[in-house]
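The first residue in the sequence is number 1, and the count goes up from there.
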Amino acid sequence: MAALALEVKDITIAYSGMAVVRELSLEVDPGQAIVILGANGAGKSTLLRAIVGLLPTSGGTVSLFGDDVTKASTAKRARKGLAFMSEQGIFPSLSVKENLQLGAMTNRNRSFDAGLETVLALFPELGGRLNEPAGSLSGGQRKMVGIAKCVIAQPSLLIMDEPSAGLSPKFVSEVVETLITLHSDGMTLLVAEQNVEFLKFAQTAVVLEGGYVRFNGPVAELSNNKTLHDAFFGIESIQEI
(Lines give C-alpha, C1' and ligand atoms only; values in the text may rest on other atoms or scores of the structure.)
Protein backbone atom coordinates (compact mmCIF):
# COMPACT_ATOMS: atom_id res chain seq x y z
CA MET A 1 0.00 0.00 0.00
CA ALA A 2 1.42 3.40 -1.03
CA ALA A 3 2.37 5.79 1.74
CA LEU A 4 0.26 8.88 2.26
CA ALA A 5 1.55 11.93 0.42
CA LEU A 6 0.97 13.91 3.60
CA GLU A 7 -0.04 12.93 7.12
CA VAL A 8 -0.59 15.60 9.74
CA LYS A 9 -1.32 14.07 13.12
CA ASP A 10 -2.58 15.98 16.14
CA ILE A 11 -0.49 19.07 15.49
CA THR A 12 -0.80 22.20 17.58
CA ILE A 13 0.69 25.52 16.47
CA ALA A 14 0.96 28.39 18.93
CA TYR A 15 1.93 32.07 18.87
CA SER A 16 3.08 33.66 22.14
CA GLY A 17 1.71 30.72 24.08
CA MET A 18 -1.73 30.88 22.43
CA ALA A 19 -2.79 27.93 20.26
CA VAL A 20 -3.85 28.99 16.76
CA VAL A 21 -4.25 25.45 15.40
CA ARG A 22 -5.33 22.81 17.91
CA GLU A 23 -4.61 19.06 17.69
CA LEU A 24 -5.42 19.02 13.99
CA SER A 25 -5.10 15.89 11.83
CA LEU A 26 -5.20 15.66 8.05
CA GLU A 27 -4.35 13.02 5.43
CA VAL A 28 -3.67 13.49 1.73
CA ASP A 29 -3.47 10.47 -0.55
CA PRO A 30 -1.19 10.46 -3.61
CA GLY A 31 -3.13 11.94 -6.52
CA GLN A 32 -5.77 13.53 -4.28
CA ALA A 33 -6.90 17.16 -4.43
CA ILE A 34 -8.03 18.78 -1.18
CA VAL A 35 -9.23 22.35 -0.65
CA ILE A 36 -9.07 23.83 2.85
CA LEU A 37 -11.76 26.46 3.34
CA GLY A 38 -12.22 28.99 6.09
CA ALA A 39 -12.55 32.68 6.85
CA ASN A 40 -9.62 34.97 7.67
CA GLY A 41 -8.12 33.88 10.97
CA ALA A 42 -9.38 30.32 10.71
CA GLY A 43 -5.83 28.95 10.75
CA LYS A 44 -5.40 28.02 7.07
CA SER A 45 -2.14 29.83 6.39
CA THR A 46 -0.72 28.89 9.78
CA LEU A 47 -1.41 25.23 9.08
CA LEU A 48 0.23 25.31 5.65
CA ARG A 49 3.29 27.17 6.91
CA ALA A 50 3.76 24.52 9.59
CA ILE A 51 3.38 21.71 7.06
CA VAL A 52 6.13 23.14 4.87
CA GLY A 53 8.43 23.86 7.83
CA LEU A 54 8.16 27.64 8.04
CA LEU A 55 6.54 27.51 11.49
CA PRO A 56 7.36 25.18 14.39
CA THR A 57 4.72 22.94 15.92
CA SER A 58 4.25 22.60 19.66
CA GLY A 59 2.75 19.14 19.39
CA GLY A 60 1.98 16.37 16.90
CA THR A 61 3.80 15.17 13.78
CA VAL A 62 4.06 15.89 10.05
CA SER A 63 4.99 13.10 7.62
CA LEU A 64 5.70 13.26 3.88
CA PHE A 65 5.49 10.08 1.84
CA GLY A 66 5.90 7.94 4.95
CA ASP A 67 8.81 9.85 6.51
CA ASP A 68 8.49 11.96 9.66
CA VAL A 69 9.59 15.51 8.75
CA THR A 70 8.30 17.27 11.86
CA LYS A 71 11.77 18.60 12.71
CA ALA A 72 13.06 18.79 9.12
CA SER A 73 13.92 22.05 7.38
CA THR A 74 11.82 23.46 4.58
CA ALA A 75 14.64 22.67 2.15
CA LYS A 76 14.64 19.00 3.15
CA ARG A 77 10.86 18.83 2.73
CA ALA A 78 11.23 20.37 -0.73
CA ARG A 79 13.80 17.72 -1.67
CA LYS A 80 11.23 15.08 -0.75
CA GLY A 81 8.92 16.46 -3.43
CA LEU A 82 6.95 19.22 -1.72
CA ALA A 83 6.42 22.60 -3.40
CA PHE A 84 4.77 25.57 -1.69
CA MET A 85 3.26 28.68 -3.23
CA SER A 86 2.57 31.44 -0.71
CA GLU A 87 0.24 34.37 -1.40
CA GLN A 88 3.25 36.35 -2.65
CA GLY A 89 4.53 33.39 -4.69
CA ILE A 90 7.41 35.15 -6.46
CA PHE A 91 10.55 37.25 -5.98
CA PRO A 92 9.44 40.53 -7.62
CA SER A 93 12.93 41.95 -8.20
CA LEU A 94 14.13 38.84 -10.05
CA SER A 95 13.32 38.14 -13.67
CA VAL A 96 10.70 35.57 -14.60
CA LYS A 97 13.49 33.21 -15.72
CA GLU A 98 15.41 33.67 -12.46
CA ASN A 99 12.27 32.85 -10.47
CA LEU A 100 11.85 29.67 -12.50
CA GLN A 101 15.50 28.75 -12.05
CA LEU A 102 15.09 29.00 -8.28
CA GLY A 103 12.05 26.75 -8.42
CA ALA A 104 13.87 24.19 -10.57
CA MET A 105 16.72 23.84 -8.06
CA THR A 106 14.71 21.49 -5.83
CA ASN A 107 14.77 18.78 -8.52
CA ARG A 108 18.33 18.22 -9.66
CA ASN A 109 17.30 15.14 -11.64
CA ARG A 110 15.51 17.26 -14.23
CA SER A 111 17.13 19.74 -16.59
CA PHE A 112 15.98 23.34 -16.45
CA ASP A 113 15.28 23.36 -20.19
CA ALA A 114 12.94 20.37 -19.89
CA GLY A 115 11.10 22.01 -17.01
CA LEU A 116 10.90 25.32 -18.85
CA GLU A 117 9.32 23.61 -21.85
CA THR A 118 6.66 22.13 -19.58
CA VAL A 119 5.70 25.38 -17.86
CA LEU A 120 5.68 27.40 -21.08
CA ALA A 121 3.26 24.87 -22.55
CA LEU A 122 1.09 25.57 -19.50
CA PHE A 123 1.61 29.36 -19.60
CA PRO A 124 2.67 30.28 -23.16
CA GLU A 125 2.38 34.04 -22.58
CA LEU A 126 5.34 33.90 -20.19
CA GLY A 127 7.58 32.91 -23.09
CA GLY A 128 8.08 36.50 -24.18
CA ARG A 129 8.48 37.83 -20.63
CA LEU A 130 11.30 35.63 -19.31
CA ASN A 131 13.82 38.44 -18.96
CA GLU A 132 11.43 40.94 -17.40
CA PRO A 133 11.25 41.54 -13.62
CA ALA A 134 8.48 39.34 -12.27
CA GLY A 135 7.18 42.27 -10.22
CA SER A 136 6.49 44.27 -13.39
CA LEU A 137 3.89 41.79 -14.63
CA SER A 138 0.13 41.99 -14.09
CA GLY A 139 -1.40 40.28 -11.07
CA GLY A 140 -2.58 37.36 -13.16
CA GLN A 141 0.81 36.95 -14.84
CA ARG A 142 2.59 37.08 -11.47
CA LYS A 143 0.34 34.26 -10.30
CA MET A 144 1.31 32.29 -13.41
CA VAL A 145 4.98 32.76 -12.52
CA GLY A 146 4.31 31.61 -8.95
CA ILE A 147 2.60 28.43 -10.12
CA ALA A 148 5.24 27.82 -12.80
CA LYS A 149 8.01 28.25 -10.21
CA CYS A 150 6.47 25.36 -8.26
CA VAL A 151 5.51 23.15 -11.20
CA ILE A 152 8.88 23.36 -12.96
CA ALA A 153 10.40 21.02 -10.36
CA GLN A 154 7.72 18.35 -10.93
CA PRO A 155 6.68 18.22 -7.25
CA SER A 156 4.93 15.18 -5.83
CA LEU A 157 2.80 17.46 -3.63
CA LEU A 158 1.86 21.06 -4.44
CA ILE A 159 0.62 23.19 -1.53
CA MET A 160 -0.87 26.60 -2.26
CA ASP A 161 -1.98 29.38 0.06
CA GLU A 162 -4.83 31.58 -1.25
CA PRO A 163 -3.98 31.42 -4.98
CA SER A 164 -6.98 33.66 -5.70
CA ALA A 165 -5.59 36.53 -3.59
CA GLY A 166 -5.59 39.80 -5.51
CA LEU A 167 -6.98 38.33 -8.72
CA SER A 168 -9.96 39.38 -10.82
CA PRO A 169 -12.72 36.78 -11.35
CA LYS A 170 -11.36 36.17 -14.86
CA PHE A 171 -7.90 35.27 -13.58
CA VAL A 172 -9.36 33.23 -10.71
CA SER A 173 -11.12 31.07 -13.30
CA GLU A 174 -7.86 30.71 -15.25
CA VAL A 175 -6.00 29.58 -12.12
CA VAL A 176 -8.76 27.06 -11.36
CA GLU A 177 -8.54 25.70 -14.91
CA THR A 178 -4.76 25.39 -14.55
CA LEU A 179 -5.17 23.40 -11.34
CA ILE A 180 -7.76 21.19 -13.01
CA THR A 181 -5.16 20.45 -15.72
CA LEU A 182 -2.39 19.76 -13.21
CA HIS A 183 -4.60 17.48 -11.16
CA SER A 184 -5.81 15.59 -14.22
CA ASP A 185 -2.13 15.00 -15.03
CA GLY A 186 -1.72 13.32 -11.65
CA MET A 187 -0.45 16.10 -9.37
CA THR A 188 -1.41 15.93 -5.70
CA LEU A 189 -2.84 19.25 -4.49
CA LEU A 190 -3.53 20.83 -1.11
CA VAL A 191 -4.96 24.34 -1.49
CA ALA A 192 -6.13 26.78 1.18
CA GLU A 193 -8.80 29.16 -0.09
CA GLN A 194 -11.81 31.31 0.70
CA ASN A 195 -13.14 31.18 -2.86
CA VAL A 196 -15.43 28.16 -3.32
CA GLU A 197 -14.72 28.09 -7.08
CA PHE A 198 -11.62 26.09 -6.17
CA LEU A 199 -13.85 23.20 -5.11
CA LYS A 200 -14.23 22.43 -8.84
CA PHE A 201 -11.04 20.37 -8.94
CA ALA A 202 -11.21 18.87 -5.42
CA GLN A 203 -12.56 15.56 -4.22
CA THR A 204 -12.34 16.55 -0.57
CA ALA A 205 -13.11 19.74 1.33
CA VAL A 206 -11.78 20.61 4.78
CA VAL A 207 -13.38 23.50 6.67
CA LEU A 208 -11.40 25.21 9.43
CA GLU A 209 -12.84 27.48 12.10
CA GLY A 210 -10.80 28.83 14.98
CA GLY A 211 -8.00 26.35 14.39
CA TYR A 212 -10.30 23.32 14.47
CA VAL A 213 -11.54 21.08 11.66
CA ARG A 214 -15.31 21.55 11.43
CA PHE A 215 -15.76 19.43 8.31
CA ASN A 216 -13.60 16.93 6.42
CA GLY A 217 -15.28 14.99 3.67
CA PRO A 218 -16.43 14.81 0.05
CA VAL A 219 -17.16 18.12 -1.66
CA ALA A 220 -20.69 16.97 -2.46
CA GLU A 221 -21.44 16.49 1.24
CA LEU A 222 -20.25 20.00 2.01
CA SER A 223 -22.46 21.42 -0.73
CA ASN A 224 -25.45 19.62 0.73
CA ASN A 225 -24.73 20.48 4.37
CA LYS A 226 -26.96 23.48 5.05
CA THR A 227 -25.49 24.24 8.49
CA LEU A 228 -21.94 24.44 7.18
CA HIS A 229 -23.09 26.20 4.04
CA ASP A 230 -24.83 28.94 6.02
CA ALA A 231 -22.00 29.25 8.52
CA PHE A 232 -19.15 29.63 6.05
CA PHE A 233 -20.65 30.83 2.78
CA GLY A 234 -23.66 32.92 3.75
CA ILE A 235 -26.73 32.82 1.56
CA GLU A 236 -24.94 32.36 -1.78
CA SER A 237 -25.43 28.78 -2.96
CA ILE A 238 -22.51 26.53 -3.80
CA GLN A 239 -24.72 23.84 -5.33
CA GLU A 240 -23.37 24.61 -8.82
CA ILE A 241 -19.70 24.17 -7.85
Side-chain angles (χ1 to χ4, degrees), residues 5-6 44-46 48-55 64-65 69 72-168 170-193 195 198 201:
L6 171 68
K44 304 187 304 298
S45 295
T46 298
L48 295 193
R49 289 173 64 83
I51 289 172
V52 303
L54 295 173
L55 286 176
L64 287 172
F65 305 102
V69 296
S73 66
T74 299
K76 183 174 181 180
R77 299 181 201 208
R79 289 194 294 271
K80 289 191 66 64
L82 182 152
F84 175 58
M85 193 181 90
S86 64
E87 284 190 46
Q88 175 67 25
I90 62 169
F91 295 96
S93 63
L94 299 182
S95 71
V96 171
K97 185 175 182 179
E98 288 168 334
N99 271 275
L100 298 180
Q101 287 171 328
L102 286 175
M105 290 175 63
T106 60
N107 186 349
R108 300 187 183 278
N109 296 319
R110 191 187 197 204
S111 73
F112 175 72
D113 288 343
L116 183 61
E117 183 178 351
T118 297
V119 298
L120 291 184
L122 197 61
F123 303 114
E125 67 185 89
L126 295 181
R129 316 296 294 271
L130 292 175
N131 295 317
E132 298 180 24
S136 70
L137 305 183
S138 70
Q141 290 169 333
R142 290 197 298 271
K143 198 70 67 171
M144 292 178 192
V145 175
I147 298 173
K149 183 163 68 72
C150 293
V151 172
I152 197 169
Q154 284 189 317
S156 300
L157 170 62
L158 174 56
I159 297 178
M160 308 177 77
D161 188 13
E162 300 275 6
S164 71
L167 295 183
S168 67
K170 173 182 179 293
F171 279 116
V172 167
S173 296
E174 290 185 10
V175 171
V176 169
E177 289 302 316
T178 297
L179 296 182
I180 289 172
T181 298
L182 292 173
H183 182 54
S184 66
D185 288 340
M187 187 169 289
T188 307
L189 299 172
L190 178 64
V191 179
E193 258 299 339
N195 190 324
F198 283 77
F201 62 81

Worksheet item: For Lys149, which residues count as a salt bridge (Lys or Arg N to Asp or Glu O under 4.0 Å) partner, sequence neighbours excluded?
Response: none

Worksheet item: By salt bridge (Lys or Arg N to Asp or Glu O under 4.0 Å), which residues pair with Glu132, not counting sequence neighbours?
Response: Arg129

Fill in: For Gly103 against Ala153, the heavy-atom pair lying closest together
O-CB, 3.4 Å

Fill in: Heavy-atom pair of closest approach, residues Glu87 and Lys143
O-NZ, 3.7 Å

Worksheet entry | Those residues that, when tested against Leu102, pass side-chain contact (heavy atoms from CB on, under 4.5 Å) (two or more places apart) | Phe91, Leu94, Met105

Response to the item:
On a heavy-atom basis, the closest approach of Met85 and Pro163 is CE-CB, 4.1 Å

Could you tabulate the donor-acceptor pairs under 3.5 Å formed by side-chain atoms of residues 111-120, not counting sequence neighbours?
from   : atom 1 : to     : atom 2 : distance (Å)
Ser111 : OG     : Ala114 : N      : 3.1
Thr118 : OG1    : Arg110 : NH2    : 2.7
Thr118 : OG1    : Ala114 : O      : 3.3

Practice prompt. Mind checking the CG-CG spacing from Leu82 to Leu157? Nearest 0.5 Å is all I need.
Written response: 5.0 Å

Worksheet item: Excluding sequence neighbours, so at least two apart, what forms side chain to side chain donor-acceptor pair (under 3.5 Å) with Glu125?
Response: Gln141

Worksheet item: Stepwise, does the side chain to side chain contact (heavy atoms under 4.5 Å, CB included) test hold for Val175 with Phe198?
Response: CA-CA 9 Å; Val175 171; Phe198 283 77; 3.9 Å; yes

Discussion item. On a heavy-atom basis, which atom in Ala83 and which in Cys150 lie closest, and how many Å separate them?
Written reply: CB-CB, 4.0 Å

Worksheet entry | Sequence-distant partners of Ser173, side-chain contact (heavy atoms from CB on, under 4.5 Å), two or more places apart | Glu197

Worksheet item: Out of curiosity, Ile147 CD1 to Ile90 CD1, how far, rounded to the nearest 0.5 Å?
Response: 12.0 Å

Discussion item. I need the full list of side-chain hydrogen bond (donor to acceptor under 3.5 Å, both in side chains) pairs touching residues 179-189, with sequence neighbours left out, sorted by first then second residue.
Written reply: His183-Gln203

Item to complete: Could you tell me which residues satisfy side chain to side chain donor-acceptor pair (under 3.5 Å) with Thr46, sequence neighbours excluded, listed by chain and number?
Response: none

Worksheet entry | Residues in salt bridge (Lys or Arg N to Asp or Glu O under 4.0 Å) contact with Lys80, at least two apart in sequence or another chain | Asp67

Fill in: Ser45: partners by side chain to side chain donor-acceptor pair (under 3.5 Å), with sequence neighbours left out
Asp161

Fill in: Atom pair CG/CZ of Leu54 and Phe84 - distance to nearest 0.5 Å
6.0 Å

Practice prompt. Find the distance between CG (Leu64) and CG (Leu6) and round it off to the nearest 0.5 Å.
Written response: 6.0 Å

Worksheet item: Who pairs with Glu98 by side chain to side chain donor-acceptor pair (under 3.5 Å), at least two apart in sequence or on another chain?
Response: Ser95

Practice prompt. Report the residues that fulfil salt bridge (Lys or Arg N to Asp or Glu O under 4.0 Å) with Arg142, sequence neighbours left out, ordered by chain and then residue number.
Written response: none

Worksheet, complete the sentence: Value for CD (Glu162) from NZ (Lys44), rounded to nearest 0.5 Å, stands at 4.5 Å

Worksheet item: Which heavy atom of Ser164 sits nearest a heavy atom of Asn195, and at what distance?
Response: OG-CB, 4.0 Å

Worksheet entry | Spatial distance of atom CZ (Arg49) from atom OG1 (Thr74) [nearest 0.5 Å] | 9.0 Å

